[in-house]
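For this chain, numbers begin at 1 and follow the sequence in order. Side-chain atoms are counted along with the backbone in the values below, which use heavy atoms only and exclude waters and symmetry mates.
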Amino acid sequence: MRSLTIRRPDDWHLHLRDGAMLEGVVGDTSRHFARAIIMPNLVPPVVTTADARAYRERIMAALPKGDRFEPLMTLYLTEDTNPDDVEEGKKSGLITAVKLYPAGATTNSHGGVRDMAKAMPVLERMAKIGLPLCVHGEVTTPEVDIFDREKVFIDTVLDPLRRKLPELKVTMEHLTTSDGIDYIRSAERNIAGSITTHHLIINRNAILVGGIKPHYYCLPVAKRESHRLALRTAATSGDRRFFLGTDSAPHVDPLKECACGCAGIYTSINTMSCLAHVFEEEHALDKLEAFASLNGPAWYGLAPNTETITLVRREDAVDFPAKIETGAGPVTVFDPMFPLHWDVE
């Protein structure tokens with residue numbers, strides 16, 4: 001196959017940051033993607049509907065002229081989140097989901113939830129009104145090994161929550177383990193999962209072998225090879241419960257290349273090329289549209305995009321920049337460690 005036309009894709013997990021960084025990266029998403037669920041972990045976080053409305057306005061103001069892109073806004077769940085405000089945000093059409101960050105799980109998550117019981121009033125309201133909960137599915141207790149955080153979260157937090165609130169729709173974001181894949185497959189309803197570009201390509205060796213590679217460090221951290229292969233099988237299966245959420249997360253290089261570097265990988269600029277390569281390797285190019293363009297909208301109750309994009313397989317490798325320059329500083333672009341021949345026409 002030399003070309004593939006699919007409905008314009010969406011990104012169901014995206015970090016755009018704010019200010020100069022937002023202005024520097026939003027065009028890499030809006031060039032190819034029609035919509036994206038925007039993560040709320042700014043400083044300060046997007047906690048209220050008013051916060052989300054103001055952030056959305058800043059995103060729209062930063063869009064390159066002529067780009068058609070819809071940011072789907074989320075709220076950062078805290079133990080003090082007001083259920084009435086959440087319901088108002090959903091009714092207004094502004095709020096697409098609420099995001100659960102266990103406190104300390106990832107970048108700017110220190111204000112997240114420590115005691116799930118204190119968040120139950122808003123979660124009960126969300127179940128009642130049909131508003132999805134997006135979860136960063138990791139525990140942060142120090143006695144749990146970082147490579148086991150996802151499995152322990154499923155066993156000790158997620159499954160008890162879903163048993164208590166079976167009507168709550170839950171998105172397990174950035175799945176990294178076969179445990180997460182199996183848990184979703186075993187459920188009867190009301191749970192789905194997003195999978196990132198980079199977790200389909202790297203395992204933990206990419207971070208650690210031959211020296212520390214900070215630009216492959218993300219949270220949840222990449223796991224062993226058996227988990228990566230399970231993610232590939234799920235993503236390329238056509239199963240409607242799995243869809244693309246890049247978790248593209250820009251940080252300036254000085255904050256990545258230091259003694260205590262930030263977690264996050266920037267993939268917005270080359271995600272569609274990387275995905276086409278992966279799906280071609282798995283003999284599943286016919287399933288790429290489902291993963292990138294159809295399954296996500298179906299889960300969130302939205303229509304698929306009517307516009308299309310065409311991916312073309314070039315004879316020569318496509319040249320992506322090693323870094324992009326933003327007003328906040330340089331950001332290193334994800335290197336999949338193999339040449340990319342697929343390009344968005």
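Salt-bridge formation is not detected for the pair Glu124/Lys164: no Lys NZ or Arg NE/NH1/NH2 atom is positioned less than 4.0 Å from an Asp or Glu carboxylate oxygen. Salt bridge present: Glu167 and Arg189 bring a charged side-chain N and a carboxylate O closer than 4.0 Å.
For Glu307, the side chain to side chain contact (heavy atoms under 4.5 Å, CB included) test picks out Arg8, Arg68, with sequence neighbours left out. The side chain to side chain contact (heavy atoms under 4.5 Å, CB included) search around Leu229 returns Glu225, not counting sequence neighbours.
Shortest non-hydrogen contact noted between Val135 and Lys99 is C-CE, 4.0 Å.
Side-chain polar atoms of Thr5 and Thr308 form no donor-acceptor pair below 3.5 angstrom. Between the side chains of Asp51 and Tyr76, no donor-acceptor pair of N or O atoms lies under 3.5 Å. Checked by atom type, the side-chain pair Thr177/Glu150 shows a donor-acceptor distance below 3.5 Å.
Counting only residues at least two apart or on different chains, the side-chain hydrogen bond (donor to acceptor under 3.5 Å, both in side chains) pairs with a member in residues 274-283 are Arg232-Glu281, Arg232-Glu282, His277-Glu281, Glu280-Arg313, Glu280-Trp342. Legend: ring pair (Phe, Tyr, Trp, His ring centres under 6.0 Å) pairs involving residues 25-68, not counting sequence neighbours: none detected. Judged as a ring pair (Phe, Tyr, Trp, His ring centres under 6.0 Å), the pairs with a partner in residues 164-206 (not counting sequence neighbours) are, in order, His13-His174, His136-His174. Sequence neighbours left out, the pairs with a member in residues 295-304 that pass side-chain hydrogen bond (donor to acceptor under 3.5 Å, both in side chains) are Thr171-Trp299, Thr171-Tyr300.
Across Ile38, Asp247, Thr246, a single residue satisfies side-chain contact (heavy atoms from CB on, under 4.5 Å) together with His15, and that is Asp247.
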